[in-house]
Amino acid sequence: MTTSFNEATAANGHADAIHQPRARKPANARVTRAYNEDMRPSLSKIPSERTPGGTPAPPDDAPPSVKATSAARRELRQKSRRMFPTIEYQSRVSYFDPNSNYSNFRGFFVLFWIGLAIMCITSMLRSLRETGAMLSFRQWPLFTENLWELAGSDLCMCASTGVDLPLQLLYKNSKGFLRWKKGGILLQSLVQAIWLYVWIAWPFARDWTWTAQVFFTLHALALFMKMHSYAFYCGHLSTTFHRLKELDMPIRPETPRAAVRRYPRTFQLREIPQEDGAAHNNDDEDGDEDDAEDRIPPVIRLRSDLAKELTSPQGNVTYPENLTLSNFLDYLLCPTLCYELEYPRNPARNYLELFYKTLAVFGCIFLMTVTSEEFIIPVLDESHIRLQSAPTWIDSSLIFAETVSRLLFPFMLTFLLVFLVIFEYLLGAFAEITRFADRQFYSDWWNSLDWLEFSREWNIPVHNFFRRHVYSASRGVNLSRPVATGITFFISALAHELIMGCITRKFRGYGFVLMMLQMPFVMIQRLPWIRERTLLNNVMFWICMIIGLSLLCALYVLV
């Protein structure tokens, strides 16, 4: 089509005006120049003339394709004879420049894994030379001890979460004190407190190894948050359901007519972009709808709002249709801590991706074991012996500081592996099993400027839970923003202290204090003359993160 169009244009006497139906990459200037020279009639050329390379020059009446080929061959020969090729300079930035839009650094991710592979191979060769075995993990028996008891206890703990389902049916069907807003909240809180105490105390009573206890405690905390979210969201829906049923009866003066309380959502439907004209039309339609809603009687409008609150945003599930065993089991497997009537789903499972993620979980655990065996445990053992023989407190302080400095790199590596095994591979595997579509379990926390930003982006499922069930609940009883934020950090600090106590069997409060120190650090970093210095804030964040991890370990083990 293009050739015909150009030939027709040339035939009309406009040979120089070459039009293209669509944009095309600019041609090479040198090839175009040579092509135009060959296209011009030349009386001095004779058919026997030969190019410098020995190829006969095309005659004047040769087809344009032959002339173009000859020009290209001559131009390429001239380029090959050039001793110093031409370099084109232009205004551009480097890949690491802050003004660069380049964002594909996958090669560094590959390099990270290659470096870990080199570390493992080196450790295996050293172990083979010293012990005669490729691997000699002192921590390996801790993984296999109490294994079957751990599996049975974990299964019983998961089954015990099912107490929420009959309780929710009780709150929905009750007509007296056991309704959610009356005695239901008290009963649910009591059941949850007993449940949490029993399963947190169980590993201590059984005297499990720290590996089994940490896994069991983390799983218990995750299930507790799931229970709480399921119970309080469904309890809210039961209250909304009762209000909707009351509107079916004759309206009396004591009938509640307060506005519907909207529960905080964690999943929102994405809006479809529209054309400008359609947007203007929709604006007009929205204005007409607002006028129409103003004319709707308040009772009918309230009934509509209550019905919408009982229905999922996708419109496929309505309370109390969700109060089933299959819905509850599906929620337990979904990689989220906030209950919703319905979640976005993928159409199918990718079993190959599920296999890779499962394999990566065990691979990361293996790498964390190698790191602790090679770079953490020997340092702690050596420092413990040196501290016992230190003559003065100055020597003890120097040994402690040296220990912290030697643990900086291995703990940074362990921190990155923990992040990958949980938020990229473990949650990703459960998302693949349940076809859970929202895979954003973390954001770019590595660019965080303060601890508040890090807490939002490092662990999105936990952040959503605390925002919905702790922060928003605190704000709902008229607490100020700083107080609600302080309560959120306080509960998070207690959970972190519990985990450190399970690992070291020491409850010293170091983890709790370091967690609560994040609040004044946030206040300092948000001062006007510091907040604008983004690079400085990110450097401060990483320094505090790396030093804090090794300092926490040294405090719990050596002090």
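As the structure is a computational prediction, the values presented were derived from the model and not from experiment.
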So, Glu246 and His242: side-chain donor and acceptor under 3.5 Å apart, yes or no? no
Any luck finding a side-chain donor-acceptor pair between Glu457 and Asn447 under 3.5 Å? no
Donor-acceptor pair, side chain of Lys226 and main chain of Thr336, under 3.5 angstrom: yes
For the residue pair Ser312 / Glu342, report whether a side-chain donor-acceptor contact shorter than 3.5 Å exists. yes
Any donor-acceptor N/O pair, Ser238 side chain to Gly235 backbone, under 3.5 Å: yes
Determine, step by step, whether Glu340 and Tyr233 satisfy the side-chain contact (heavy atoms from CB on, under 4.5 Å) criterion, reporting the C-alpha distance in whole Å, the side-chain angles of both residues, the deciding distance to 0.1 Å, and the verdict. CA-CA 8 Å; Glu340 290 286 347; Tyr233 186 33; 3.9 Å; yes
To the nearest 0.5 Å, what is the distance between CG on Leu420 and SG on Cys364? 5.5 Å
Check whether Asn322 reaches the backbone of Phe328 with its side chain - one donor and one acceptor, N or O, closer than 3.5 Å. no
Taking the side chain as C-beta and beyond, is there a heavy-atom pair between Met157 and Phe216 under 4.5 Å? yes
Please check if the side chain of Ser383 supplies one atom and the backbone of Val379 the other of a donor-acceptor pair under 3.5 Å. yes
Just wondering, are more than 12 heavy atoms of other shown residues or ligands nearer than 6.0 Å to CZ in Phe355? no
According to the interplanar angle, ranging from 0 to 90°, do the rings of Phe112 and Phe109 count as parallel (below 30°), tilted (30 to 60°) or perpendicular (above 60°)? parallel
Quick check with a 6.0 Å cut-off and a 45 degree axis cone: is Arg456 positioned over the face of Trp458's six-membered ring? no
Is the distance from the ring center of Trp445 to that of Trp451 below 6.0 Å? no
On a heavy-atom basis, the closest approach of Ala493 and Met515 is CB-CB, 3.6 Å
Can you give me the closest heavy-atom contact between Ser474 and Ala484, atom names plus distance? CB-CB, 3.7 Å
Is it true that Lys357 and Glu432 make a salt bridge, defined as a side-chain N closer than 4.0 Å to a carboxylate O? no
Does either side chain, that of Trp199 or that of Ser153, offer a donor lying less than 3.5 Å from an acceptor on the other one? no
Testing the basics here: between Phe521 and Cys544, what is the closest heavy-atom pair and its distance to 0.1 Å? CE2-SG, 4.3 Å
Ring-plane angle category for Tyr343 and Tyr331, please: parallel below 30°, perpendicular beyond 60°, tilted otherwise. parallel
Backbone N or O of Gly363 within a donor-acceptor pair of the Tyr425 side chain at under 3.5 Å? no
Do Arg435 side-chain atoms and Ala348 backbone N/O form a donor-acceptor pair below 3.5 Å? no
Salt bridge between Arg345 and Asp330, side-chain N to carboxylate O under 4.0 Å? yes
Give, for atom CG of Leu387 and atom CG of Leu380, the distance between the pair rounded to the nearest 0.5 Å. 10.5 Å
Distance, nearest 0.5 Å, that separates CG of Leu417 from CD1 of Ile422: 11.0 Å
Distance only, no hydrogens: is a donor on one side chain within 3.5 Å (strictly under) of an acceptor on the other, for Arg481 and Tyr471? yes
Would you check if Gln213 and Ile200 make a side-chain contact, meaning some heavy-atom pair closer than 4.5 Å? no
Let me confirm one number: the CZ-CZ distance from Phe375 to Phe409, rounded to the nearest 0.5 Å. 8.0 Å
Counting N and O atoms only, with roles assigned by atom type, does the side chain of Arg467 sit under 3.5 Å from a partner on the main chain of Val462, one being a donor and the other an acceptor? no
Can you confirm whether the side chains of Ser229 and His469 place a donor and an acceptor under 3.5 Å from each other? yes
